[in-house]
Amino acid sequence: MYRERASRVPGAMLWWRTPPAPHAVQRVLPDGCTDVIWADGELLVAGPDTTAHLAHDRVDRYVGLRFAPGTGPAVFGVPAGELRDQRIDLAELWPAGEVRRLIDLMNDRRETAAGQAALGAALEEAALRRLRRSDGPDPMAVWIVARVRAGAPVAEIAAGVGLSERQLHRRCLNAFGYGPRMLGRILRMNRALDLARTGAAFADVAAVSGYADQAHLSREVRSLAGAPLGVLLRTA
């Protein structure tokens with residue numbers, strides 16, 4: 001079972017997931033985001049993925065906070081590129097004592113009647129504290145994401161922020177974990193999946209999402225998600 005809601009952290013989503021069965025395998029698709037995840041007493045960081053990550057469930061409950069593209073570096077204190085395709089302990093990024101106190105707080109809260117809501121609130125409070133102590137996300141990140149979503153050419157995006165294409169690429173690596181072209185591929189695939197879940201024909205999905213044709217859509221989905229579009233829709 002999976003649920004999510006908008007978080008108090010700007011642009012973030014708070015989510016809860018209970019595995020359907022012991023040792024189930026969850027296909028986590030790349031979306032340009034980073035997450036901090038509480039997994040029954042452990043705090044983990046999921047970096048921005050370039051391909052699908054197969055998560056082997058080993059606990060009964062997950063609570064996570066998913067940060068919008070470009071926000072994670074301000075929370076975790078490292079460039080997103082250092083977290084790309086990684087799953088690491090939060091204590092590798094934050095002071096061990098701070099992480100230990102957060103784990104203890106969450107372990108206490110899971111015994112209360114509020115349950116999962118209390119766990120999510122603890123993650124939000126910790127993330128908001130880190131954001132207040134940081135310089136904040138890259139101020140250009142939201143604009144870059146919007147232009148990438150709109151399908152703007154890289155040269156046009158670079159010119160819009162007063163950077164060379166190479167400078168833009170480096171800035172995107174720090175903010176998102178990958179360059180603007182990879183970010184665009186990932187955001188376009190997720191747009192296509194959202195549209196396909198409404199029941200739209202795959203040819204229409206390809207046309208609306210900006211693919212050359214249905215074959216192009218199929219190749220990109222297999223490359224980024226590791227499975228055909230039809231399989232993803234059946235297992236969503």
Side-chain angles (χ1 to χ4, degrees), residues 4-7 9-13 15 28-35 46-53 65-75 79-81 83-85 131 135-226 229 232-233 236:
E4 66 177 24
R5 67 160 174 81
S7 169
V9 179
M13 296 296 294
W15 57 268
V28 181
L29 302 183
D31 57 7
C33 299
T34 51
D35 296 64
D49 291 323
T50 55
T51 58
H53 173 77
L65 188 57
R66 178 177 300 112
F67 302 106
T71 304
V75 175
L83 303 175
R84 185 175 58 243
D85 294 321
L131 282 172
D135 293 330
D138 185 331
M140 294 184 183
V142 172
W143 188 88
I144 291 172
V145 169
R147 298 306 298 144
V148 169
R149 286 190 193 278
V154 171
E156 179 184 310
I157 297 172
V161 292
L163 300 173
S164 69
E165 290 187 40
R166 182 172 295 182
Q167 290 171 325
L168 174 66
H169 186 83
R170 287 198 297 267
R171 192 147 190 166
C172 287
L173 287 179
N174 289 336
F176 311 118
Y178 20 67
R181 289 185 176 86
M182 174 60 79
L183 178 64
R185 290 177 63 199
I186 288 169
L187 296 180
R188 182 173 58 180
M189 181 194 70
N190 279 277
R191 181 187 180 193
L193 284 170
D194 288 342
L195 183 57
R197 290 185 182 112
T198 68
F202 290 176
D204 293 336
V205 170
V208 172
S209 302
Y211 293 95
D213 51 30
Q214 186 174 335
H216 183 204
L217 166 65
S218 297
R219 289 194 302 273
E220 280 289 275
V221 170
R222 281 183 176 273
S223 174
L224 295 171
L229 180 55
L232 297 179
L233 296 180

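Residue numbers count from 1 along this sequence. Note that the coordinates shown come from a computational prediction; the quantities given were computed from them, not determined experimentally.
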Problem set entry | Listed partners of Arg66 passing salt bridge (charged side-chain N to carboxylate O under 4.0 Å, His left out), at least two apart | Glu4, Asp31, Asp35
At their closest point, which heavy atom of [X] faces which heavy atom of [Y], and how far apart are they?
X	Y	answer
Pro137	Ala74	N-CB, 3.7 Å
Ala175	Ala80	O-CB, 3.6 Å
Asp49	His53	OD2-CB, 3.8 Å
Ala225	Ala52	O-CB, 3.2 Å
Asn190	Ile186	ND2-O, 2.9 Å
Leu173	Tyr178	CD2-CA, 3.4 Å

Do [X] and [Y] touch side chain to side chain, with heavy atoms closer than 4.5 Å?
X	Y	result
Leu233	Phe202	yes
Leu168	Ile144	yes
Arg219	Arg222	no
Cys172	Leu183	no
Leu29	Leu232	yes
Thr50	Pro30	no
Phe67	Cys33	no

For this session: Provide the full list of side-chain hydrogen bond (donor to acceptor under 3.5 Å, both in side chains) pairs with a residue in residues 135-145, sequence neighbours left out, each pair given once.
Result: Asp138-Arg171
Problem set entry | Of all pairs that satisfy side-chain hydrogen bond (donor to acceptor under 3.5 Å, both in side chains), the ones with a partner from residues 204-218, not counting sequence neighbours | none
With [X] via side-chain hydrogen bond (donor to acceptor under 3.5 Å, both in side chains) - residues at least two apart:
X	value
Thr51	none
Glu165	none
Asn174	none

Measuring from [X]:[atom1] to [Y]:[atom2], what's the distance to the nearest 0.5 Å?
X	Y	atom1	atom2	value
Met13	Leu65	CE	CG	10.0 Å
Glu220	Leu229	CD	CG	12.5 Å
Arg147	Ile157	CZ	CD1	6.5 Å

Exercise. Can you list the steps and then say if Phe176 with Val145 is a side-chain contact (heavy atoms from CB on, under 4.5 Å)?
Worked result: CA-CA 9 Å; Phe176 311 118; Val145 169; 3.5 Å; yes
For this session: Verify the neighbour count for atom CZ of Arg5: are there more than 12 heavy atoms of other residues, nucleotides or ligands below 6.0 Å?
Result: yes
Exercise. Hey, is Arg191 close enough to Asp194 for a salt bridge, meaning N to O under 4.0 Å?
Worked result: no
Exercise. Short question: side chain of Glu156, backbone of Pro153 - any donor-acceptor pair under 3.5 Å?
Worked result: no
